[in-house]
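Report on one structure; see the data block that follows.
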Amino acid sequence: MKPVKDANSAGIVARDALQSDSAAAAQPEESSAPASITTDVLPSDAAIDFDVPALPTEMLLEMYRKAVTIRLMENALLAAAEEGQIGGAMHTAIGHEANAIGAAFALRKGDYITCTYRGHHHGLAWGMDPGRAIAEVMGRSDGFAKGKGGSMHFVSPEHGMMGANGIVAAQVPHAAGLALASHLRGEDRVAITFFGDGALFQGVMHETFNIAAKWKLPLIFYCENNRYSEMTPIWRTSSIEDIFLFPRSYGMATMQIDGNDVEVVHAAVSLAAERARAGSGPTFIEGITYRLAGHMAGDLETYRPPEEVEKQEAYGPLAVLRAKLKSRGVDEESIAGIDEEVDDLVDEAVAFAEKSPWPDAAETYRDVFVEAATGDA
Amino acid sequence: MKPVKDANSAGIVARDALQSDSAAAAQPEESSAPASITTDVLPSDAAIDFDVPALPTEMLLEMYRKAVTIRLMENALLAAAEEGQIGGAMHTAIGHEANAIGAAFALRKGDYITCTYRGHHHGLAWGMDPGRAIAEVMGRSDGFAKGKGGSMHFVSPEHGMMGANGIVAAQVPHAAGLALASHLRGEDRVAITFFGDGALFQGVMHETFNIAAKWKLPLIFYCENNRYSEMTPIWRTSSIEDIFLFPRSYGMATMQIDGNDVEVVHAAVSLAAERARAGSGPTFIEGITYRLAGHMAGDLETYRPPEEVEKQEAYGPLAVLRAKLKSRGVDEESIAGIDEEVDDLVDEAVAFAEKSPWPDAAETYRDVFVEAATGDA
Amino acid sequence: MRRTTYIQAINEALREEMQRDEDVFLIGEDIGHYGGLFRVTRNLLDEFGEKRVLDTPISEQAFMGMALGAATVGMRPVVELMYMDFTLVAADQIFNQIAKYRYMTGGLLKVPLVIRGQQGGGKRYGSQHSQSIESLYAHFPGIRVVAPATPYDAKGLLKTAIRDDNPVAFLEHKMLYFTRGEAPPPDEEYLIPLGKANVKRVGTDVTIATFSFCLLEALEAAEIVEEQHGISCEVVDLRTVEPMDTETVWESVAKTGRLLAVHESYANCGVGAELVARAYEEAPELLRAPARRLGMAPVSIPVSRVLEEEALPWKEEIVATVLEMARR
Amino acid sequence: MRRTTYIQAINEALREEMQRDEDVFLIGEDIGHYGGLFRVTRNLLDEFGEKRVLDTPISEQAFMGMALGAATVGMRPVVELMYMDFTLVAADQIFNQIAKYRYMTGGLLKVPLVIRGQQGGGKRYGSQHSQSIESLYAHFPGIRVVAPATPYDAKGLLKTAIRDDNPVAFLEHKMLYFTRGEAPPPDEEYLIPLGKANVKRVGTDVTIATFSFCLLEALEAAEIVEEQHGISCEVVDLRTVEPMDTETVWESVAKTGRLLAVHESYANCGVGAELVARAYEEAPELLRAPARRLGMAPVSIPVSRVLEEEALPWKEEIVATVLEMARR
Ligand SMILES: Cc1ncc(C[n+]2csc(CCOP(=O)(O)OP(=O)(O)O)c2C)c(N)n1
Ligand SMILES: Cc1ncc(C[n+]2csc(CCOP(=O)(O)OP(=O)(O)O)c2C)c(N)n1
Ligand SMILES: [Mg+2]
Ligand SMILES: [Mg+2]
């Protein structure tokens, strides 16, 4: 089991209230990082306190395949961006893969997800096709949104993927609305929404916390805490000491987990989904993770030392998954075999996207409105 | 001493963290009020744990005079509104007086305040002239803002009153900006901002909590918790159990007090101001109070039983102040004398306002811009 | 036909659509247990229960965003903003999200929701509770904008708006709430299509194109100039600002040769300027005198009765402008 | 004169004003330790310290409101919005508060602050990071709107904006950031008054009134129509959208008889429609052909290069419109 900060009987981590004055006293000077919210926490240090059942090796292999697919697609996209094939702000999920994969495998068909501009891993984890995804990022007609949305707006309703967002935290109430729809219709669908640590400081987050808790919406708030908001570490802009404890004040269950470990993520999201389906309301999950690449394509990463990244690499989702597979007796060769297969698959996906025609200029004017003036849902 | 929930050594009330799951379990059904956030809490039940020094009788008399002035002005305004002399949304502070008066007497000349549309009591407590105040509400040219701002926009920079606001919670970051100015300039000015319980659910509140706590701004967040947001009791829209504990998560000192007792308010705000001037950062004060009149002129108050109001009346600021004065040996007659003097004063103020000329139509077009294109502050 | 108030007409439209379609629900502040600050949603909680009429905290950003989410899976939320000024509080959700969502998703999703509430001056609510916001809504593509002036239109257009698969801003006016007008009996269903203007007064000299409360002012102004100056105005009620039925306007201008657009949102970059610009793009040959527009003066609405009257582009200003135009 | 980039010009203006006036401070996301996502505030934290360059969390509403508060007591905050699209996130503070504050307080308070940041299309940032927002700012009274097209103007206008006692929206354009142009050496002070347009190209047939990046497109378009069709365009750089120097425009139209307004915000209810409406109010007799305007197509900017190009009102569209106008 992982190290545990402390726990209550319901199996959800709890801890004493922030002692406001002592917290204030412990405040860092502007320019120095505090002990607790810091960039050198390792994901594996996250507090959890619930059973993490071992997943079948078959499933781990599938997860590994997904993780490598995401990683290689991101690398391919970075290369394409460097060549000028991709414009705008492209944020890769390198290092974040396990958060999406663990969650996707824990949820059901029919459940909903919304996420951020850093949403490629969610898209692929939820089943979107890499070729069409790359085409979308490149602005080609075979993109799932015909090249209109691009990297920041992954969407695929058939997979339950209800949209990514370029505005920090804007996708959070969208998921609450999806959860509300499920609740009002008496369905057992659950919604999950992903956001970053920086999103905590957008007002709409809190508004949504409060409503979701009050209405007991079947909603999972999943914070991918990579310790940075663009180029600014979280301790520089907040006194909040433990993100996962913070939403407690709204009357919500919360957990802090290793977001780089697919089994842990899977267990946490399963638990949260169970609570949601049982009518117990929303859960907040803080997945400790790390962004192993720049904030976006072209980021020179002057704001963090290379050693920090190297250190975190060892705890990254791929390293964790490979170690798991080995401990299950999967040999190096089989793993390398997957790597190669995926490499081919991603090459093909890139080729598909590059061959995809540009959209017609006339496409510009479509999709502003639904054309039929009235209609039923 | 007042009943105390519990306390820590710094003399600020503390309590264990919300136990998220038990909190969820205690959740009320949509239509029934929970035990804790409810409309029948009495202000005098609020938790405090610090010395409340007795204020000089002279000061209490002055405070009483202010309280009666506010109350009678509000009554006069309600009458004028009924006659059609006042339009729009006019919110009186009947029942809220002590929050403003206790705070105003605790702060210094040079300190800043911002408040809400329910700001008449703050205006008068901070020294604004009742005649000009009534003229403003009536839209006359002798109004401090020449009739442009009206009831929802009390303002008087010479008294440190930097503006009231019609948008819930919008005034809160303004006060943080005033505190920031003081902080950046190395002054010892403090800013206080008043808002209602309903304002807690506006995102900008939280954004401001976080920044103020992080930057240790000399700021006092004062929540006038009257248990209603317009016609909706707070328990209907939130699971937050104790407002005063809630902002702890941002690393702020917080207190819950009887907002109807000028001495308690004075002591709490003094303490908060001291912390602010000492560089210890913001304090959150929850003043338990009650709105003894409708949400605004014309409110039929169908959403609460008259008995609720009657019960609270006995704990209202005027009742509390009269009892205090009596216990200090001030006789009924002296009190009645003040009442009569103030009655005359308010009559004069109304007469002044009613005689004040309408503004010139040309005034409509002034004050959009400062006319000099450039200038120093 | 029976007569009813504008508020009652809206209440009926909501009720009938909620009965017709289970996916329709209402969400907003004080709308349920209290029945709405202006009593527009009165009795609906009793009839439909707490799962169809949702009382929210003062969290416009969140509940607007939630409406979007619910709409993408086929719910039909009707969001009340207590004052349309609060559009600015939820502006990111409305203009960066709701208006763009279908486009950004390449048409994969639609957002059938209605944002409704009252706006406008005339009751001394001051700068933050009186502004008219239709030009702001019209500036951003992706959202329909409806602003009815009569109970009849309010009911028929709201029913259509709720059934429309696009987001619709449904702008009521506080000065219209207690006005009365004809409407078919409750439950006698009728729908008015979006984007169809209505000629409310026939005339020959000047076309006044307007909507919402300004329509009433324009009609009065038309009487005055007719009686006092013998100038005959044709008054067109646009009813919908997006899409805008310019065809009906040009037909009228073909007769009059003169166009005056009137609305209560700020004149600057407003719907009136837009209509003037379109007139010169689409029908310049019809204009025998320069087209004009009137809107709110460039000041935030003051509270004082005298100042508020001066700022609003109402009757006197319409009369004066028509006279200027007729002189050309 | 030396040549410098647009980014460098802005950086210098900030630095010089911070040196000159202790009340000037910068506030925004990633602007201090990192120096700004686009490096516009580079090195300023080193020079002025953490009390003059404030790194905020992603809380646009709060820090915009804080800027207002600080400004009312004479500080001069310069707020960076990382993308001007985020105007919508802070819209209540900008339009219901900052723009109205002086008016609502009857002139008792002033709000000397600058909101600056980059906007605009052309780099495939998509719907939520590319929109031009000047028409929105111009719609609301109480806020100045400046949109320079050259490094020289950017520096001189920003210095003036910081010293202005009114709130100013200072709109940069991402396509201009790396453009170079002449400017006096650093520390050689110059100020450009707000509200003064600049004739950038003299011509006789059509007046193009524009600003920001569209100016560059208009100048290119003018070359093309001159070379290929012998049509001579006069190009006026408005530089400030509020106040708008219509006098200079009318002077030009007095020569050409033709007016085309071009901008990148949506055409609908945009600055162009406004200029057309004013032309017919203030100078109808000068117009020998219908005045026209061009703006962004009514779609939220798509990512795909092909679609984005189609949506933007750039060179080709200007050329085509000028040709149409000249034919009249
Ligand atoms: C409202 C808003 N403000 C600012 C931005 C610019 N921005 C994009 S990503 C980002 C940082 C977000 O950090 P975090 O939430 O931790 O997510 P991460 O990028 O680390 O995954 C910022 C400030 C934005 N997109 N939206
Ligand atoms: C952003 C916004 N939403 C809604 C309103 C309408 N409104 C005015 S007062 C009010 C209730 C505020 O309640 P609370 O904060 O408890 O203050 P109180 O009126 O009780 O003093 C509401 C919803 C508003 N003014 N601003
Ligand atoms: Mg982050
Ligand atoms: Mg209240």
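In this text the structure is predicted, and so the values were computed from the model without any measurement. So that the names make sense, note that chain A is the first sequence line, chain B the second, and so on, each numbered from 1.
Rounded to the nearest 0.5 angstrom, L184(B) CG and D23(D) CG are separated by 9.5 Å. Taking NE2 of H174(B) as the start and CG of L109(D) as the end, the distance is 11.0 Å to the nearest 0.5 Å. Rounding to the nearest 0.5 Å gives a distance of 7.0 Å between CD of Q202(B) and CD of Q61(D).
When heavy atoms are compared at a cutoff of 4.5 Å, I211(B) approaches chain D solely by way of its side chain, counted from C-beta outward. When heavy atoms are compared at a cutoff of 4.5 Å, P57(D) approaches chain B solely by way of its side chain, counted from C-beta outward. Using a 4.5 Å cut-off between heavy atoms, T364(B) touches chain D through backbone and side chain atoms alike. Neither the backbone nor the side chain of R52(D) comes within less than 4.5 Å of any heavy atom of chain B. Within the 4.5 angstrom heavy-atom criterion, atoms from both the backbone and the side chain of H183(B) approach chain D. Neither the backbone nor the side chain of A175(B) comes within less than 4.5 Å of any heavy atom in chain D. For a residue to count as touching a neighbouring chain, one of its non-hydrogen atoms must lie under 4.5 Å from one of that chain's; by this rule I27(D) touches chain B with the side chain only. In this structure, the portion of Y112(B) lying under 4.5 Å from any heavy atom of chain D is its side chain and not its backbone.
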Open item on the list: Determine whether Y101(D) and H153(B) satisfy the following criterion, side-chain contact (heavy atoms from CB on, under 4.5 Å), listing intermediate values before the conclusion.
Closed with: CA-CA 10 Å; Y101(D) 220 68; H153(B) 298 287; over 6 Å; no
- [ ] Kindly determine whether M75(D) and R185(B) satisfy side-chain contact (heavy atoms from CB on, under 4.5 Å), including the steps that lead there.
- [x] CA-CA 9 Å; M75(D) 301 291 290; R185(B) 286 169 161 169; 3.2 Å; yes
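In terms of non-hydrogen atom pairs under 4.5 Å with chain D, the most contact-rich of S182(B), G149(B), A170(B) is A170(B). Chain B forms the most heavy-atom pairs under 4.5 Å with one residue out of T105(D), T72(D), V111(D), and that residue is T105(D). In terms of non-hydrogen atom pairs under 4.5 Å with chain D, the most contact-rich of M162(B), K146(B), E363(B) is M162(B). When each of G195(D), A99(D), A67(D), G142(D) is scored by its heavy-atom pairs under 4.5 Å with chain B, the top score falls to G142(D). Looking only at heavy-atom pairs under 4.5 Å with chain D, the residue among L178(B), N210(B), L180(B), L217(B) that has the most is L178(B).
In the displayed structure, E22(D) atom CD is contacted under 6.0 Å by at most 12 heavy atoms of other residues, nucleotides or ligands. The number of heavy atoms from other shown groups lying within 6.0 Å of NZ (K355(B)) does not exceed 12. Counting non-hydrogen atoms of neighbouring residues, nucleotides and ligands closer than 6.0 angstrom, the CD atom of E247(D) reaches no more than 12 such neighbours.
Between A181(B) and V73(D), the shortest heavy-atom contact is CB-CG2, 3.7 Å. Listed here is the closest heavy atom pair of M66(D) and A176(B): CG-CB, 3.7 Å. Residues L108(D) and F144(B) come closest through the heavy atom pair CD1-O, 3.6 Å.
The interface of residues 87-98 of chain D with chain B, defined by heavy-atom distances below 4.5 Å, comprises D92(D), Q93(D), N96(D), Q97(D).
In this structure, the side chain of D165(D) does not engage the main chain of V370(B) through any donor-acceptor pair within 3.5 Å.
For the pair R102(D) and F369(B), the cation-pi test (distance below 6.0 Å, angle within 45°) is failed.
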